[in-house]
Amino acid sequence: MIRPMHHPLWTHLPAALMVFSSAGVVAMAGPWPERVPMQWDFHGHVSTWGPPWELGLLVLLPALYVLGSVVVDELWARYEYRRAFNWFAPLDEVIVSFSASMAMGYALSLPDFERLWAVTWRVWAVLGGGGVAAAVLLERLRPWRPVAGILSTADAAAVETHIAESMRSGGTWTYWETQNPLWLRVMIPLVFLVLVASGVPACMQVPWLVPLYGVPLLALVLGYGGMRVAANARRLEVRIGVFGLRVLRVRIEDIAEASVREFSPLADFGGYGIRWWRGTWAFFFRGHRGVMIRTVRGRRFLIGSDQAERLAAVVHAAMRQVPRAA
Amino acid sequence: MLIALDEKNPRPIYLQIVAEIKRGIEAGEIREGEELPGVRELARDLAVNLHTVHQAYRELGRLGVVALRLGRRARVAPVRRRPASRAEIEASLVPRVAELLTDAFHLGLSPEEFRTLVARVIEDRHRKETRR
């Protein structure tokens, strides 16, 4: 089964066409001189010359850029919680159109490279303008596929019913989800190595530096492995790292309210991880959505979630199962 | 993802866990590469024996649904992008469909009624996916 892409490939068509057409124009042009201008100084005079085959970079790099943007746009669309305009999408056309115009500028101004920039700007005005307009149009026409993690109201009710049925049948249930993003998996070993490489020689000379390096190293080791949220009929837990260090445990009967929240990791909490801001403890490693838990004692916890509606539905179902204080 | 066990269900607990995890992957509740809870953790949360969860994970590993590596948590294996080979389908799916057909016979269903039932289940699933 081939899963359709969230951000269809045809949205990259203008950029891809520009790459192909510039490659075609460059390939058909000629004969090329032994050297072509490569760099210009502040006064507009050529400062570096190079062989014409290096112009291939003007085709190859944009092609790689388009491939990269296919990946970036797809990742972006996979976290598109509601229909939005992806401003990254027309960025392809801006950048690729410039490279394509430059490549065409070389080909069209042969053999007199004095006209190179004049031709390039003219081609760019047409290619860039048309390409960006086409990209904006395609981006607007692009269908939106809801993220699997988002539940409709009916589905959220189905999750709650599913749990209620399992409780009635005397069965048990558990819910869990994880947040272990790529940046965390890359950053932690990298920072760990840097700290060890710089810390070991430093600590050998100045012993009191050991805790200064040791504490962050310990935090990195404990944090590696991301975050896990687990809920069952009795409690809601947040654990971090491969060792499953428990950083939050709330009994279901202590929960007064659970609701889905959107937040800005940077503006509201100053970054990712375990954060405290204005009376709220927050736990999240990615995204900008989560479930706000308010306890009967008035404490607030924000738990980041890729499937916030589902987590909230689970907590609601669990809350219904436990006897509440009057 | 949610794993709910039904005590009234006659299927062994480990097979219920297997079915729930497979359902969760299909529904997109847990994605490929994501970690499953540790055996001890899941056993505690579901109030079942450690070996039951272990047996479920081994079964999922055998089916290729999860990747098991010594000393590491089980992870959801990459979802198959292309259909399995004919031989694999013959070996894995056909005997189970045949068994279901036999069960249908013992429930008094004709092959035609069984076919209608399968079509209805597929239709229901398709409707759910479209809504999602």
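Below, read A as the first sequence line, B as the second, and so on, with proteins coming before strands; counting in each chain starts at 1. A quick note: this is a predicted structure, and the numbers were derived from the prediction, not measured.
Contact annotation for B/Q16: neither backbone nor side-chain heavy atoms come within less than 4.5 Å of a heavy atom of chain A. Of the two parts of B/R44, the backbone and the side chain both hold a non-hydrogen atom closer than 4.5 Å to a non-hydrogen atom of chain A.
Judged by distance alone, with hydrogens and angles left aside, the side-chain atoms of A/R235 form no donor-acceptor pair with the main-chain N or O of A/N232 at under 3.5 Å. Between the side chain of A/E262 and the backbone N or O of A/H288, no donor-acceptor pair lies under 3.5 Å. In this structure, B/R23 contributes its side chain and B/L2 its backbone to a donor-acceptor pair below 3.5 Å.
Proximity to chain B among residues 174-187 of chain A is limited to A/T174, A/Y175, A/W176, A/E177, A/T178, judged by heavy-atom separations below 4.5 angstrom.
Remark: B/F105 CZ is loosely packed, at most 12 non-hydrogen atoms of other residues, nucleotides or ligands lying under 6.0 Å away.
Using a 4.0 Å cut-off between charged nitrogen and carboxylate oxygen, B/E59 and B/R62 count as a salt-bridge pair.
Relative ring orientation between A/H7 and A/H12 is described as tilted, the plane-to-plane angle lying within the 30° to 60° band.
The most heavy-atom pairs under 4.5 Å with chain A, out of B/L46, B/N9, B/L42, come from B/L46. Per-residue heavy-atom pair counts under 4.5 Å with chain A were compared for B/E41, B/E34, B/R73, and the maximum is reached by B/R73.
The structure places CZ of A/R140 at 12.0 Å from CG of A/L138, a figure rounded to the nearest 0.5 Å.
Applying the salt bridge (charged side-chain N to carboxylate O under 4.0 Å, His left out) definition to pairs two or more places apart or across chains, those involving residues 84-96 of chain B are B/R80-B/E88.
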